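Just so it is clear, the values below take in all heavy atoms, side chains as well, and ignore hydrogens, waters and symmetry mates. No experiment lies behind these values; they were computed from the predicted model shown.
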Amino acid sequence: MAAVTPVSPEDLLLAKSGSAGKPEELEEEIDDDDDDDELDETLAERLWGLTEMFPESIRSAAGATFDVSLSVAQKMYRFSRAALWIGTTSFMILVLPVVFETEKLQMEQQQQMQQRQILLGPNTGLSGGMPGALPSLPGKI
């Protein structure tokens, strides 16, 4: 990096008007200043450069912490995936057949009650009386 010489305001005004003794030198200095302002640096390079202000022990501790947290997150993901698979397959094998059978039993009971209502009348299906028994007398308990 070259040393920059200070330029007086009069020199700048003269350089812009074209009456300065060395306008090329002033233009080069101005152009050099513009180039220094625009550094081609990516975000990763800038962050890596910022790590140099911390001691090595802190950098290594931060790196180890990141590695451990990443490892724990991966293990938790694998465990949750396996647990979800075991849970869903167990539910499908153990619980769903029972649910289907109870639903089937309820449907059969409803069909039997409908058949009783059709054959013996509307009061028989509701009271749950046995077919062939005498109907209950109203007013007596």
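In this structure, OG in S71 is found 11.5 Å from CZ in F66, a value given to the nearest 0.5 Å. Rounding to the nearest 0.5 Å gives a distance of 13.0 Å between CZ of R116 and CD1 of I118. To the nearest 0.5 angstrom, L70 atom CG is 12.5 Å from T65 atom OG1.
Under the side-chain hydrogen bond (donor to acceptor under 3.5 Å, both in side chains) criterion, the residue pairs touching residues 51-61 are E56-R59, with sequence neighbours excluded.
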Show me the donor-acceptor pairs, under 3.5 Å and distance only, between side chains in residues 96-114 and residues at least two apart or in other chains.
residue, atom, partner, partner atom, Å
T102, OG1, V98, O, 3.2
T102, OG1, V99, O, 2.8

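Side-chain atoms of S80 come within 3.5 Å of backbone atoms of M76 as a donor-acceptor pair (strictly under, hydrogens ignored).
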